Each structure stands twice: as structure tokens, then as C-alpha cells.
Asks: 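Would you mind keeping the following structure in view while I ask a few things?
All heavy atoms count here, side chains included; hydrogens, waters and symmetry mates do not. Note that the structure is a prediction, hence the values are computed from the model and not measured. Chain naming here is simple, since letters A, B, ... match the order of the sequence lines and numbering starts at 1 in each.
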Amino acid sequence: MSDNFSFQLWRYEGEPGELIPLLQSAQNHFGYIPRRAIRYISGVTGIPESDIYGVITFYSQFRLRPTGKLHIRACDGTACHVSGSRLIIETIEDELGISVGDTTEDGLFTLHTVACIGCCSLAPVIMINDETHGNLNPASLRKLLRKIRRREERTEVTASSHGR
Amino acid sequence: MDQMSLLVCGGTGCTSNGSLEIRTALEQELARRGLAQDVKVVTTGCNGMCGRGPILVAQPEGVFFHSVAPEDVPELVEAYVIGGKPPARLLYTEEQRGPVIPKMSEVPFYAKQQLIALSNRGIIDPENLEEYIGRDGYQALSRVLTTMTEEEVIDEVTRSGLRGRGGAGFPTGRKWAFARAAVGNPKYVICNADEGDPGAFMDRSIVESDPHAVIEGMAIGGYAIGASEAFVYIRGEYPLALARLNLAIEQARTYGLLGENILGTDFSFDIKVSVGAGAFVCGEETSLIASLEGRMPEPRVKPPFPAQSGYMGKPTNINNVETWANIRHIILRGAEWFSSIGSETSKGTKVFSLVGKVNNTGLVEVPMGITLREIVFDIGGGIPDGKKFKAVQSGGPSGGCLPESKLDTPVDYESLTKAGSIMGSGGLIVMDETTCMVEVARYFVAFTQEESCGKCTPCREGTKHMLDILTAITEGRGEEGDIEILKTMARNIKATSLCGLGQTAPNPVLTTIRYFRDEYEAHIREKRCPSGVCKPLISYTIDKEACTGCRACAISCPVTCITGERKLPHVIDQTQCIKCGMCFDVCNFNAVRVE
């Protein structure tokens, strides 16, 4: 367990209400909630692992598997839905060759759907990490994903040519 | 003359359309021309007309620019800031080539609105406390703490007729009175900002554009019921709102507007922010409290109500963001003023997120009692692309779909309920002839089925069975009698579920059966989707007569199943077609048919 994570945990003051913030900080730290974090939180708080697992799986925010570098959240709110979000989700699946919930083999993209981003005026909308992209259609979406993939490949090449 | 200010919209919609780049470009252009001292550039909260973003408003003239791109900035500065003539192509027009409407106050989208909860939107920088104070900010709190008793505050709110804006419409003053009268110490105040309805973003926008209004309302509520600790339970999907709220709370503490001995009185009050983890059921009061306490957010039987036994078993008062944002105006301008707005039973205004198949999408605040038709057609500007209006959906997964014949329903709690929908928290989703109402019902039931906490069997199992039947109908496997089974199940789920989620989950199904039964019957009996949405029931074909052989469809087809020579009619290979509808969307000659 890295020091940084334990440090965040020590803010725990023994109030049961802190379980969700603890899980959120674990997820911020690791990108998901690994088994060892559950064990660790259980040890500190005295809440049984099974109860923690129950809370994790109840909320849609928490993930038990790592995500890729770029986390795509495709909105399937009502406005997006009537504006064709199903087609948007299918296009992402087709373009990246993965299904909702999966990560691409290169670890670059993970795809999830979300109930609503609250950006309904720009429907259909997706979020890639914290950036929102709206008014999408399958063609513009494919272009966007290809552009991002090219950008990422370039950064990787630059990084490795610097010997990193 | 007043100094010119350029107000760049910094709401979530406009920022994702690149408004922050506009701001940078403006600052650079003004600096380049030596105007940086003369013209102020301000980032504001959401202006509401998100569909036309990025929005830029020039004060003091109130000129409204929309869809501004960084390339437009030099011309805008040259022509307007220096020359005083706004470039026509950035101004609003009702239809293409229609007359331009330069003033924001005259744009029809804004003209019929009346702003109370959103009165600071697009005017102040939400990250600057002094601008809020400049708009009478914290005066209501000051008046309450120095000149009013707790009872007087509750009396004022009660007489204003304000009802809960989260959707259920319980009178706010009465709620406060219960919490004040309850025995127990300490008492708590909670702001429900866990805006869970898909298709709704009123609360996100209020927090983003005017976070101090929410804080001030909560502090007044805390004083009235005798609480000194408070929580905001905010959705995790709203990073910008969360950041602005945290900043505003910090600022309020620094200025002594939160914390110990506020404004030198013996009233102390502070707010903690709790980030929700994504569960729709947390919108229900007792679930939200369970979640704050770190438990599984399952609702429990009421009574006892949170006013008697809430957070940690103590008296707790929960109101929604929009309700809190109204409080300071009621204190400053009085209960009589507030209750003079609206209808007989529903006072004041309501904020709606107007989205879906409507020309002007965005956030609107309208007096209660206005009709749905005025919102959809006058403010919303009607349906795009000459299509026909089919339904307007209010109340999210708990609400219903109202047809053309109900468009003259006045917007108030009672009228919407009578028509079969509910007020809800404020999502208004417009649907046109290309929306399948059976599929919409399936969509909402899929949502509630997923979000059911599982405590009550009728909600957990019943929504699952309803979803199975609805899915079968949309896939062409519907049977005679399905509609009756759905109606029976809907009645039972409504009657036997504990909380609002289950009690209202069947509403979208019931209203679509009530108003659009013919669509259900077409799916079941004729295995046909009249709106051309349900994939297993439709096929795309190309009309030989109309096709010009332009190849637009063939190029766009993701599975390359459209073939044909240039300038000759094309053909879709039905065995390969994935029914994505791309060809239908790109055809300029209406040659692609869906049936």
C-alpha cells in the first residue's frame, strides 16, 4: 500500500459516514478499488469486507477493475437517448472493438455508459476523462476517437525517444 | 458611461463548446489593441441557452452573441467593441435569414422567462464573492440574523407558498416548522444536489452559476430550525459544480459568513460537502441520509420523518438546490411578492431543463401556471427540421409523456399530476415523430429496474418483468394481452412499493399506454414500429426513383453494405445492414426509406 494512500486514510475519524469518501479516495488513487484496498479499509474501519463489497457494487461510480488511460463515459440520459445515444454507444464499441465495461487491449480506452452527465443541450454527449464532447454523430465520433488515438501514439513515441 | 464588460458563459455546456478558448482569445485581442484596461472580460455561470453555445453577452447594452468561435473574436472586437456595430452573423435570429435580434432581453427564449432562482445567471462571476455581494448577496442572511426571530422566518417562507422544487412539492415552510418543533439536538440541514433524473440539469446549473445563493438559503434555513451543521450531497458527475461549491464555501468562511458567530451574532453554521457515488435512489430523503451515514442507501418506512429522526437519528431538514436558491429572494422581497407570482396552488417560478427535439435547448425559469405549449413552442421555438411534435416528458423516470392534446396544461403540481405526469425536478424532454413511445417506456423502466435498491419485491421483480415484456414488444415478440398485464403490474407496483422510486416507476408505461396505445398495438399486432426506431421491426431501403447515385450513403455506411455505380440507384444489402440509420441521415434526396 503506497504511503500516499495510507496518508489519505488517516483522515478517517471513526465516523461510519466516511466509508464512501474512503472508497472514493481509493478509487482516485488506484483508478479502481483493488482487493487489497478493501482489505485495508476493512482493517482500519472495522467494517466487514463483505459489507464494503456490498456498498461498492451498489453505487455505479465504483469500479472493481482497472480502467484504461482514457475513460469514456457515454451518456444515455433521456435527451441523449432520444437523440440517438444507442447509435453513439454502438459506434464506440465498433470503432474500439470493445463492449461497454471493457478496456481496449492497449489499455488506452475504457467504455462505460452513464445515466446523465447533465449536458443535455448538447445531446448526444460523451465524456472522455473530464472533457465533454457534444452534438456527436457516428462520423464525427469516429474522427474524434481516431484523432485522440493518433495524439496518444505520438506522445508515446516522443516519450520513448527521450529514453523514458 | 459604464465600462463595457464581455460576459463569457462558463457553464458546462458552453465550456465543452470551447468558451474558455473564446475568453483567452478575447483577452489577447483586447491586449493587442491596447483595450485591456477599458473592457472587462468575465466568466459567468450558465446563461441557459446551452444549445447555441458558446454564448457571449456584452454589457451594458445587453447584446447577445451565440455560437462564437475563436476565429470570430478579432472581427467581434473590431466591429463591435471599437465600432459599436455587432456582426450580424453572431446575433440571434428566429429562423435562418430572419431578422436579427441583438438584445438578449428581446430574444424570445429569454423574453417569456422570469428569473428568481437564476436571477444571477450570466451576470456575476460565480467564483467571485464580491460580485454576489454586489447583487444583494448575504443581505437576506444579515436581515434574518439581526432583525427576525426564527418563527418569523418560518412564517415568511410559509406565507410565500414555496413548495419543494425537488419534485414532490411539499410546502417548505411547513417542513421547516416540523424540524424546528422536533425534539433533539443537534439538528441538521441538508441540501439535496444529487440530481439523478436523466435529462435534467437545473441544480447543476444553479450551483455552477450562483453557488452562494444556495449557501445563503441553507444558512437561513439553519437559523430557522436551529441547526448549526449542514451537508450538501452533490452528484459525482458534476466536477465543475463541485469545484465552484467548494470554492464558495471557502470564501464564505473567510468572510465570516459561515463558521462561528456569523456576522457577529451568536449564530454558528457550517457546511460539509459530500460527493454522491451514483445511485438514483439517493434522491429519496431517507436513502440520502443512509448514504451520508455510510450505509447502504435503502429507503425506510416514514414516519418517523427526517424532521423527527434524520441524520444520525437527529431532526433533519432536507431541501433541494432550487428550493434553497429561492429563500433569499423571499426574505428580501417578501412573501406577498413571491406568492403574487404563479398559479393558485403553485407559487413562484420553476426552472426547467428544456431538451430533446426542440430548437432552443437549455435552461429556462418560468412562472408557474405557464402552459407546456408556451414553453415548447414560444420559448423552445418548436420542433427542428419541420418535424411533428409528439410528446413532452416531465418528471424523469417518475413522470409521464404528455401528448399534443395536453399541451395547454398549465405547469403546476396539481395540473401535471392530473394529466398523468408529475412536476418532478424539472426535466422537460421534447419528443418528435421519430421517437417511439414504446421504446421510451422501455428505456425508463430499464433505468428504474437498474436503480431499484432491491428492498421491495414489487419494485425489484416487478420492474424486471415489465422490462422483459416491453423489450419483447420492441423486438416484435409482443403478444395480445401484454398491455393488460403491464397495466395490472403497474398498479400493483405503485400500490405496494415503499418509496417514491417504486411508487412512480410505472408512470412512463401508464402514460404511454394511455396516450399512445396505438403505437403499442402496431408493435404487437402488426409487428411494426410506426416511428421507425425499433431495429428488429424496421428495414432501410433505397427508393430507385429518388436516388441520384451521389454515393453519400455508400461512403457513410459503417459496414459498407450499400453498393451501386455513381449516378445510378444504389441498393442496401439487407443481410449485412446493421440498421444504424446513417444512410437515412446523410441522404439529401429523401431516397432512403425506413419502414
Asks: Taking every heavy-atom pair that is under 4.5 Å apart, which of Cys80(A), Ser83(A), Cys75(A), Ala115(A) has the most such pairs with chain B?
Replies: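 Max contact count across the listed options: Ala115(A).
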
Asks: Measuring heavy-atom distances to chain A, does Lys535(B) have an atom under 4.5 Å in its side chain, in its backbone, in both, or in neither?
Replies: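 Only the side chain of Lys535(B) comes within 4.5 Å of chain A.
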
Asks: With a 4.5 angstrom heavy-atom cut-off, is it the side chain or the backbone of Cys436(B) that approaches chain A, or both, or neither?
Replies: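 Answer is neither: Cys436(B) stays 4.5 Å or more from chain A.
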
Asks: With a 4.5 angstrom heavy-atom cut-off, which part of Thr435(B) approaches chain A: side chain, backbone, both or neither?
Replies: side chain

Asks: Return the set of residues passing side-chain contact (heavy atoms from CB on, under 4.5 Å) with Glu49(A) (not counting sequence neighbours), or none when no residue passes.
Replies: Arg35(A), Ile38(A), Arg39(A), Ser42(A)

Asks: Highest number of heavy-atom pairs under 4.5 Å with chain B: which of Gly77(A), Gly84(A), Cys120(A), Ala123(A)?
Replies: Cys120(A)

Asks: Using a cut-off of under 4.5 Å for heavy-atom pairs, which of Asp76(A), Thr91(A), Asn137(A) has the most such pairs with chain B?
Replies: Asp76(A)

Asks: Can you say whether Pro297(B) sits under 4.5 Å from chain A via the side chain, the backbone, both, or neither, judging by heavy atoms?
Replies: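 For Pro297(B), heavy atoms of backbone and side chain both lie under 4.5 Å from chain A.
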
Asks: Tell me, side chain or backbone of Arg52(B) under 4.5 Å from chain A's heavy atoms, or both, or neither?
Replies: neither

Asks: Looking at Lys357(B), Arg204(B), Gln393(B), which has the largest count of heavy-atom pairs under 4.5 Å with chain A?
Replies: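 Greatest number of close heavy-atom pairs with chain A: Arg204(B).
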
Asks: Strictly by salt bridge (Lys or Arg N to Asp or Glu O under 4.0 Å), give each pair with a member in residues 98-124 of chain A just once, sequence neighbours left out.
Replies: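 Pairs touching residues 98-124 of chain A that pass the test: Asp106(A)-Arg149(A).
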
Asks: Looking only at atom types and distance, does a side-chain atom of Thr45(A) sit under 3.5 Å from a main-chain N or O of Ile41(A), one as donor and one as acceptor?
Replies: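 Such a contact is found between Thr45(A) side chain and Ile41(A) backbone.
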
Asks: Is Ala200(B) close to chain A through its backbone or its side chain, or both, or neither, when contacts mean heavy atoms under 4.5 Å?
Replies: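 The answer is the backbone of Ala200(B).
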
